[in-house]
> 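Structure in structure tokens, see below.
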Amino acid sequence: MADTRVLETSGARITYDVHGPLPPADGRPPLLMIGQPMDAGGFRALAARFADRTVVTYDPRGLGRSTRSDGRVDNDPVTQAEDLHAVIAELGAGPVEVFGSSGGAIAGLQLVTAHPEDVVTLVAHEPPIIGVLPDAEATRRAAEGFREAYQAKGWGHGMAGFMALGMWQGEFTDAYFAQPAPDPAMFGMPGEDDGSRDDPLLSARSNAVTDYRLDVEALRAAPTRVVIGVAEETTGTFTARTSEATAQALGQQTVVFPSHHGGFLDGEFGWPGKPDEFAATLREVLESR
């Protein structure tokens with residue numbers, strides 16, 4: 001059973017879970033799993049496959065169980081990295097290993113940029129950084145399209161637009177923008193509008209995540225080993241392209257992970273991946289340093 005803890009940071013109360021002893025019984029660094037907008041609940045299946053390790057999961061400020069009092073609603077990797085820095089210090093077990101998924105991969109990259117002494121190895125799986133792409137301007141326009149659909153018609157239409165963006169192969173060309181707006185029913189999503197506009201994925205609250213500026217010089221100078229992961233099933237799509245471009249900017253090649261963007265998930269969220277195979281690949285990467 002996890003030990004759930006709460007840490008007061010600047011403008012937030014961060015809830016995190018420690019699975020296993022501190023300090024770790026095996027002498028290995030704690031393994032921190034982070035997402036965005038995914039909270040700790042999304043790592044249940046992956047953490048269970050590292051029962052021999054001390055694993056730490058957390059909810060980013062304003063998401064899940066973590067509250068904020070800073071008067072803001074935006075999800076900024078710079079702020080999240082400072083929260084992670086505070087959590088790592090509170091663990092008192094020295095530098096950690098980090099697995100970051102999607103927006104969590106970007107928070108991990110910022111953590112290494114700002115506090116390289118905190119992290120031994122960062123595995124950043126499919127960081128969606130628009131600025132590393134050659135078609136960055138068109139990609140931002142495509143992303144604005146699903147946000148506009150969300151604001152105009154609600155969650156189902158916004159999520160359908162997000163799915164269409166995520167499935168598109170290659171650069172966002174005129175052919176992409178000439179398509180009719182996707183029907184939510186195509187993806188099994190509701191077409192009616194519930195009136196809410198605070199979804200962290202579909203609103204402008206997470207613009208700072210995809211607009212993050214990669215500090216290549218700082219990352220290359222860091223003592224941290226940085227590994228960029230890409231999903232085997234996303235070849236040619238937005239997150240695969242951002243992963244490949246990020247790795248190229250850092251002078252390395254991506255490591256291919258099984259399944260899709262959320263390949264570490266089991267069937268709990270209706271998007272099952274291959275958690276056993278994913279965990280085996282992650283373990284191999286972490287142990288190959």
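All residue numbers in this chain count up from 1 along the given sequence. What you see is a predicted model; the values in this text were computed from it and never measured.
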> Determine, for F177 and R141, whether the Lys NZ or Arg CZ falls below 6.0 Å from the six-membered ring centre while staying within 45 degrees of the axis.
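So R141 does make the cation-pi contact.
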
> Around Q253, counting heavy atoms of other residues, nucleotides and ligands shown, do more than 12 lie under 6.0 Å from its CD?
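Counting other residues, nucleotides and ligands, CD of Q253 stays at 12 neighbours or fewer.
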
> Would you check if the side chain of Q252 reaches a backbone N or O of V226 as a donor-acceptor pair within less than 3.5 Å?
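Checking the backbone N and O of V226 against the side chain of Q252, a donor-acceptor pair under 3.5 Å is found.
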
> Test side chain to side chain donor-acceptor pair (under 3.5 Å) on E82 and S10; report intermediate values, then the result.
CA-CA 9 Å; E82 294 308 309; S10 177; over 6 Å; no

> Does Q151 offer a backbone N or O that forms a donor-acceptor pair with the side chain of R197 under 3.5 Å?
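Indeed, once roles are kept as given, a pair shorter than 3.5 Å links the two residues.
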
> More than 12 heavy atoms of other residues, nucleotides or ligands under 6.0 Å from CD of E217: is that the case?
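12 or below, so no.
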
> Step through the shown structure and confirm whether more than 12 heavy atoms of other residues, nucleotides or ligands are within 6.0 Å of CD on E284.
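No, the 6.0 Å shell around CD holds no more than 12 heavy atoms from other groups.
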
> Is it possible for you to say whether V123 and Y212 belong to one hydrophobic cluster, with membership spreading through side-chain heavy-atom contacts below 4.5 Å?
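As far as the 4.5 Å side-chain criterion goes, Y212 and V123 are not connected within one cluster.
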
> For T54, which of D26, L31, L22 qualifies under side chain to side chain contact (heavy atoms under 4.5 Å, CB included)?
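Testing T54 for a side chain to side chain contact (heavy atoms under 4.5 Å, CB included) against D26, L31, L22 leaves exactly one candidate, L22.
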
> For a salt bridge (Lys or Arg N to Asp or Glu O under 4.0 Å) check, start with the C-alpha distance between R53 and E97, then their side-chain angles and the critical distance, and finish with the verdict.
CA-CA 11 Å; R53 297 283 305 272; E97 294 180 327; 2.7 Å; yes

> Hey, what's the ring geometry for F172 with W168, parallel, tilted or perpendicular (30° and 60° as the breaks)?
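Parallel, since the angle between the ring planes stays under 30°.
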
> With a sphere of 6.0 Å drawn around CD of E137, does it hold more than 12 non-hydrogen atoms of other residues, nucleotides or ligands?
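At most 12 heavy atoms, drawn from other residues, nucleotides or ligands, come within 6.0 Å of this atom.
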
